[in-house]
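Along the sequence shown, residues are numbered consecutively beginning with 1.
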Amino acid sequence: MTRCQYFTPPVFSRRQAIDCRNALVAVTATLLLSLLLLLLTAWLAPQSLRAAEPPAAPEEVWPAGLFFLGGGESQAFEAPLLESEVAIAVSGRVSRVTVTQRFRNPSAVWLEGLYVFPLPERSAVDRLTMTVGTRQIEGRILERRKARRVYEQAAAEGRKASLLTSERPNVFVTSVANVGPGETVSVAIEYQDSVAYEDGGFELRFPMVVAPRYEPGPASPPLVRLPQPTPAPKSSVPQPIAATQPAAAEGQGRLAGRDRFGPVARPGHGLESRVSLSVSLDAGLPLAALDSPSHAVEIEPRGAGRMAVALAERSLPADRDFVLRWRPVQGSEPEAAIFAEALDGDSYLLVSLLPPAAADRQGAPPPRDLIFVVDTSSSMHGISLAAAQEVLALALERLRPEDRFNLIRFDNEAHALFPETRAATEASKRLALRAVAALDAQGGTNMRPALQMALKEPATADRLRQIVFLTDGAVGNEVALFETIDRLLGQRRLFTVGIGSAPNGYFMRKAAEVGRGSFTYIAQIAEVKERMTGLLRRLEQPQLTDIAVAGPFATGVEIYPAPLPDLYAGQPVEFVVKLPGRRLEDIAGSLTVSGRRGAEHWQRAVSLSDLQAGAGVATTWARAKLARIEDGLFLGRDPEDLRDEALALALHHGLVGRYTSLVAVDDAVSRPRGEALVTEAQPRALPHGWDADKVFGELQRSMQPRVLPAPLLREASLKGQPIALPQGATPAALQALLGLALLLAAALVWSLSRRRLRHA
């Protein structure tokens with residue numbers, strides 16, 4: 001047998017020698033080609049990343065945050081630093097808040113800073129002041145597109161400018177242009193809000209972080225090449241916010257599971273914004289208790305019912321909502337209060353009326369069908385899911401034999417424990433408790449299938465049909481969800497329970513309002529029993545339904561919310577009234593609130609002869625009406641008519657909304673001619689208790705720094721600057737696989753040659 005590998009030509013025939021030579025040539029050529037491709041791959045791989053790759057660090061190759069690429073060389077610019085100072089003044093039920101954001105540019109380039117931040121969902125934002133050195137520039141309220149044009153022109157001319165836009169009723173964006181190297185520019189935003197009252201206590205909530213939001217949509221390709229025009233590019237990472245665009249229609253231009261609101265800083269990178277906060281409280285009542293369940297605070301008494309509250313640590317990461325609660329001395333709770341304000345020849349009333357006590361009700365509550373819907377998506381991992389499990393266990397134990405129930409869990413898909421509601425027997429409750437104990441958090445927050453499942457079973461007239469929805473509300477398609485609730489609700493009632501350190505208050509409150517129920521926030525496991533006891537008591541029987549208001553009113557009176565919602569134990573009747581053409585001194589008589597308590601009629605009259613002055617009542621009314629107008633987005637109103645009405649109202653009352661913005665422009669030109677303006681977005685913190693790996697996964701975490709904000713993409717495309725943006729896939733991987741395949745092919749050819757020569 002001939003053995004070619006030993007090169008023994010004396011025993012070869014001429015034919016065998018030719019075959020052996022040909023085999024060696026083929027193998028040698030294949031090996032040389034593979035080696036060449038591997039060398040080419042090693043050279044090309046860094047080239048494909050060179051446009052975006054900063055200097056390697058010992059543990060982190062990619063920088064956290066965003067970067068801008070200019071010219072033909074790699075350059076990563078440090079993001080602007082942000083510190084916020086919050087000053088809250090509370091007088092009775094009304095709060096006036098000033099949020100001062102200080103943007104500091106630590107880099108050597110001229111920056112445009114973008115910052116996405118939350119405010120309370122019912123806040124009426126009406127003022128912006130930009131401070132540059134010793135100069136203060138007051139903002140103007142303009143139609144949104146006009147404000148954007150004013151801002152962009154000022155930015156292009158090198159003048160400092162600030163723009164405040166609303167992406168949601170509780171999500172805002174501040175843009176600050178032409179912040180010079182080493183400079184600090186301050187932007188002060190003011191808004192008005194009301195303090196919540198429930199179960200005999202008051203609660204002030206200030207949100208500090210916009211949690212990442214899931215939004216269903218079509219799948220995206222794995223690779224995107226830039227530049228390209230707006231809308232922002234598709235990618236497999238959270239989408240940057242369209243900070244320079246009007247709010248997009250629901251579901252348009254978005255990708256499944258992508259975050260609408262831009263970059264999120266990984267914990268421990270030190271890029272999160274920091275906040276200091278103080279509260280000046282004038283409750284108007286003697287207080288029995290005052291505390292914050294969310295933060296350690298310092299409290300300084302300043303007289304009867306007056307307190308100064310501040311964070312114990314002067315500056316903290318903005319990673320959870322701030323909550324302050326107080327309770328008046330028993331017996332001093334206000335039974336009724338009417339505040340009034342005159343503006344432009346009209347009068348405005350803010351009415352708060354306590355309901356009848358729950359103990360006044362006679363008889364047992366009717367049987368109920370209760371459906372518990374629990375969010376088990378990745379954002380609920382950890383403390384949030386543990387709190388939800390405690391809530392469900394408490395609610396299941398409270399069910400009576402005559403009640404029926406079901407349990408639905410959802411992430412990417414929705415699954416029900418039973419095919420339909422089942423009697424609350426001991427056996428069925430034990431089965432449900434075991435299912436609750438086994439819940440795990442993973443996947444996306446795809447709410448609509450769960451809502452549809454909960455609302456599909458027909459309601460019967462002899463039973464209360466109630467849905468308890470437990471979630472952190474981390475979604476971006478709120479309007480589509482409100483439409484689903486409104487269309488399918490029927491005679492059911494939807495109660496929302498916001499779980500976690502930073503729930504989406506806009507979704508939680510509006511979903512409960514559309515569902516004619518109530519909402520409850522639970523931030524910690526320690527709060528579950530107290531907060532859920534109140535909710536479960538409300539579930540057992542409404543206090544008032546079919547609420548109506550009457551008074552000495554002429555035509556044209558507008559009352560909001562409209563219609564007035566059902567009332568539950570521990571909640572006050574609250575509404576705002578506009579009396580067109582009426583002076584406050586001409587208002588007399590009494591205002592009557594009526595409703596049904598089961599089968600009985602209930603009515604209460606409140607005198608209008610002793611009105612209390614209340615600054616900001618007109619603004620509160622305008623904000624409530626604006627919310628009602630925007631409800632037309634899911635109620636089927638014509639979008640253009642809706643826009644015209646909302647725009648006119650917001651401009652008249654000076655409010656930031658879906659169609660208006662505040663803009664401030666400095667007269668002085670600060671950026672020298674020829675200096676480029678670089679756009680940077682301030683990363684948001686991940687809410688306290690969220691697990692970055694669970695929420696984003698390893699792939700998304702590694703790719704997140706490659707996201708660029710929409711304004712930067714547009715600017716780059718307009719200037720013709722080439723930007724290469726790797727999206728987790730490069731030619732290097734394909735080339736490496738090809739080289740490996742060729743090596744395997746070479747090995748196969750070698751093996752076949754040996755076998756052929758062995759049997760020759």
Side-chain angles (χ1 to χ4, degrees), residues 355-356 358-374 391-410 414-433 435-436 449-470 484-497 511-520 532-547 563-571 595-602:
D360 292 345
R361 293 301 304 268
Q362 300 296 323
R368 300 172 297 161
D369 286 347
L370 236 66
I371 300 179
F372 301 100
V373 183
V374 58
V391 167
L392 290 170
L394 187 62
L396 288 169
E397 290 290 352
R398 197 178 174 104
L399 289 173
R400 302 166 303 164
E402 59 268 31
D403 295 332
R404 299 186 307 199
F405 78 100
N406 203 350
L407 175 65
I408 297 172
R409 56 162 293 271
F410 73 92
H415 303 274
L417 181 61
F418 307 121
E420 57 186 16
T421 52
R422 180 168 296 187
T425 64
E426 290 302 317
S428 61
K429 289 197 290 185
R430 282 197 301 271
L431 178 61
L433 286 170
V436 167
L451 284 169
Q452 291 170 332
M453 185 179 293
L455 294 167
K456 74 176 182 180
E457 192 169 337
T460 57
D462 60 333
R463 306 179 71 88
L464 290 175
R465 185 78 172 182
Q466 300 169 329
I467 300 164
V468 180
F469 201 89
L470 296 94
T484 298
I485 296 168
D486 180 71
R487 176 169 46 86
L488 300 178
L489 184 69
Q491 297 303 310
R492 306 167 187 85
R493 297 293 182 264
L494 175 67
F495 299 80
T496 58
V497 180
E513 180 183 317
V514 177
R516 301 186 67 183
S518 66
F519 67 95
T520 302
M532 279 305 296
T533 298
L535 173 60
L536 294 173
R537 187 173 66 250
R538 292 192 288 275
L539 287 173
E540 289 170 358
Q541 200 159 22
Q543 291 299 101
L544 288 177
T545 60
D546 302 327
I547 299 175
L564 290 170
D566 292 348
L567 195 64
Y568 297 87
Q571 294 180 317
R596 299 200 65 81
R597 303 177 66 197
E600 302 174 357
H601 178 75
W602 178 87

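Here the OG1-CG distance, from Thr533 to Leu394, works out to 5.5 Å after rounding to the nearest 0.5 Å. Between the CZ atom in Arg537 and the CG atom in Leu535 there is a gap of 10.0 Å [rounded to 0.5 Å]. Here CZ of Arg463 is found 4.5 Å from CG of Asp369. Values are rounded to the nearest 0.5 Å. We find the OG-CG distance between Ser518 and Asp566 to be 10.0 Å, quoted to the nearest 0.5 Å. Asp546 CG to Leu564 CG: the interatomic distance, rounded to the nearest 0.5 Å, is 11.0 Å. For the atom pair Arg409 CZ and Leu392 CG, the distance stands at 12.5 Å (nearest 0.5 Å).
Across Ala450 and Val373, no two heavy atoms sit closer than the pair CB-CG1, 3.9 Å. Taking every heavy atom of both residues into account, Leu494 and Ile485 meet most closely at CD2-CD1, 3.6 Å. Residues Thr496 and Ala512 share a closest heavy-atom pair of OG1-CB, 3.6 Å. The heavy-atom pair separating Arg400 from Pro367 by the smallest distance is NH2-CA, 3.8 Å.
Using modelled atom types, one side-chain atom of Asp403 and one backbone atom of Arg368 make a donor-acceptor pair closer than 3.5 Å. A donor-acceptor pair is defined here as one N or O able to donate and one able to accept, closer than 3.5 Å; such a pair exists between the side chain of Arg492 and the backbone of Leu489. Ser428 places a side-chain N or O within donor-acceptor distance of the main-chain N or O of Ala423, the cut-off being under 3.5 Å.
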Problem set entry | Step-by-step side-chain contact (heavy atoms from CB on, under 4.5 Å) determination, Ile371 to Arg465 | CA-CA 8 Å; Ile371 300 179; Arg465 185 78 172 182; 3.4 Å; yes
For this session: Walk me through it: do Leu396 and Phe405 pass the test side-chain contact (heavy atoms from CB on, under 4.5 Å)?
Result: CA-CA 9 Å; Leu396 288 169; Phe405 78 100; 3.7 Å; yes
Exercise. Going through the checks in order, is the side-chain contact (heavy atoms from CB on, under 4.5 Å) test met by Phe418 and Leu431?
Worked result: CA-CA 10 Å; Phe418 307 121; Leu431 178 61; 3.6 Å; yes
Problem set entry | Pair Ile467-Arg493, side-chain contact (heavy atoms from CB on, under 4.5 Å): steps then yes or no | CA-CA 6 Å; Ile467 300 164; Arg493 297 293 182 264; over 6 Å; no
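The side-chain contact (heavy atoms from CB on, under 4.5 Å) with Leu407 is formed by just one residue from the set Leu370, Leu417, Leu433; it is Leu417.
Under the 6.0 Å cut-off for aromatic ring centres, Phe519 and Phe469 do not qualify, their centroids lying 6.0 Å or more apart.
Using a 4.5 Å heavy-atom threshold, the side chains of Gln466 and Phe495 count as touching. Put simply, the side chain of Val374 does not reach to within 4.5 Å of the side chain of Ile408, judged on heavy atoms. Between Glu457 and Thr421 the shortest side-chain heavy-atom distance falls below 4.5 Å. You'll find the side chain of Lys429 reaches within 4.5 Å of the side chain of Leu399, heavy atoms only.
By the neighbour-count criterion of 12 heavy atoms within 6.0 Å, atom CD of Glu402 is densely surrounded, having more than that number from other residues, nucleotides or ligands.
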